[in-house]
Protein chains: 2
Amino acid sequence: MMTNEISYASEFYSFLTGRVSTAIGRRLQRNFKESGLHITAEQWSVLYYLWESEGLSQQDIAKLTFRDKPSVSRLISNLEKQKLLVRVCSSGDKRANQIYLTAQGHKIKDKCMQQAEKTISEALSGVDRGSMQQAQQILEIVFNNLK
Amino acid sequence: MMTNEISYASEFYSFLTGRVSTAIGRRLQRNFKESGLHITAEQWSVLYYLWESEGLSQQDIAKLTFRDKPSVSRLISNLEKQKLLVRVCSSGDKRANQIYLTAQGHKIKDKCMQQAEKTISEALSGVDRGSMQQAQQILEIVFNNLK
DNA sequence: GGTAATAAGTTGTTGATGCAATTAAATCAT
DNA sequence: ATGATTTAATTGCATCAACAACTTATTACC
């Protein structure tokens, strides 16, 4: 029935608009700002992986963050402008850049992680871990359907 | 424990990055394009409400779509350029615009809704309605925590 | 070894967002 | 009724995303 599908669509609407994830991103960025960090949520998602392992290529970062190459290229450029990381031409493959954090890039890690955790606890207040994981599983299926 | 919080953070990561919602938006836009519709997912979310009730103000649309006023202003401008709607200065309140669809704006409704439903069924393949609604409830709580 | 296909990055264009500041109209308060 | 405060919308600025086109280096193929 048409009516059913439409109402189904309405229920699905918040997935579609992504209002939850934008709300989270906005809060994260606000928390960064309030703690004196001048980085965006997107920049954080790149730094997050570099704190784990330096020397990643832009391609690696693209795969990890599910972004396309131009997006990563520009994110890296902005982070380089802010002197949080540097591009180093790979000796093995002259096409590729290896990305290394600067001292400043390392320095802000703890502060950033604190704010990320603060954001998460703000977001998940009143949500028990079990239901959150269940929701996550659904999102995972949806993501795999579309990627 | 720090380790726990970090792993909790990792689990929450896909919420934070919004990769699911961007994947959905990307697929929606692709489906629009393949069916010959030249509108973005964001434009769709505005049209969606106008098909329901015309004459909304930009403020109304901002509240319905959870966007700020500048975003709505520019979305409306782009839709006006595409001749899908028009701004009409409200007679009651000269500050406000009332938004009305053009003939073309009405015409594309069915095609758009078809593609939206197609996108939803692609996204939700293998997800039963109950778990989807449960996930939705969690997202709703998270959203209310942050808005 | 030389040509074709592939892969890593960059750049241009367009559309969208967030935040801050601005204009103009409406409402409130005294 | 006038001055102050809200409210609707717009504009400027910076960042980000998607898509396409392009450069340069690498790999594959014959």
Between B:R87 and A:K81, which has a closest nucleotide on DNA chain D that is more 5'? B:R87

So, is A:Q58 close to the C:dT10 phosphate, meaning a side-chain N or O under 4.0 Å from OP1 or OP2? yes

For B:S90, report the nucleic acid contact type (base, sugar-phosphate, nothing); a contact means any heavy atom under 4.0 Å. nothing

Answer yes or no: is there an ion pair linking A:E52 with A:K109, defined by an N-O contact shorter than 4.0 Å? no

Does A:A96 offer a backbone N or O that forms a donor-acceptor pair with the side chain of A:S90 under 3.5 Å? no

Between C:dA8 atom P and A:L56 atom CG, what is the distance in whole Å? 14 Å

Distance-only, no hydrogens or angles: does the B:W44 side chain make a donor-acceptor pair with backbone N or O of B:Q29 under 3.5 Å? no

For a quick check of understanding: with a heavy-atom distance under 4.0 Å over all strands, which category does A:Q43 fall into, base, sugar-phosphate or nothing? sugar-phosphate

Do B:F32 and B:K111 touch side chain to side chain, with heavy atoms closer than 4.5 Å? no

What residue among A:L28, A:L37, A:N31 forms side-chain contact (heavy atoms from CB on, under 4.5 Å) with A:C112? A:L37

Short question: side chain of A:D60, backbone of A:L56 - any donor-acceptor pair under 3.5 Å? no

Comparing B:T40 and A:N97 on DNA chain C - which has the more 5′ nearest nucleotide: A:N97

Side-chain H-bond candidate by donor/acceptor type, A:T65 with A:S45, under 3.5 Å: no

With sugar-phosphate meaning primed atoms plus P, OP1 and OP2, does A:S57 contact a base, only sugar-phosphate, or nothing at under 4.0 Å between heavy atoms? sugar-phosphate

Boundaries of the DNA chain D segment in contact with chain B, non-hydrogen, under 4.0 Å: D:dT7 to D:dA20

Is a donor from one side chain sitting under 3.5 angstrom from an acceptor on the other, for B:S77 and B:R87? yes

Per-nucleotide protein contact string for nucleotides 17-29 of chain C, where B marks a base within reach and S marks sugar-phosphate only (heavy atoms under 4.0 Å, - for neither): SBBB----BS---

Residue whose nearest DNA chain D nucleotide is more 5′ - B:S73 or B:Q29: B:S73

Taking only side-chain N and O atoms of B:N78, does any of them lie within less than 4.0 angstrom of OP1 or OP2 on C:dT14? no

Heavy atoms, side chains only, cut-off 4.5 Å: are A:Q136 and A:E140 in contact? no

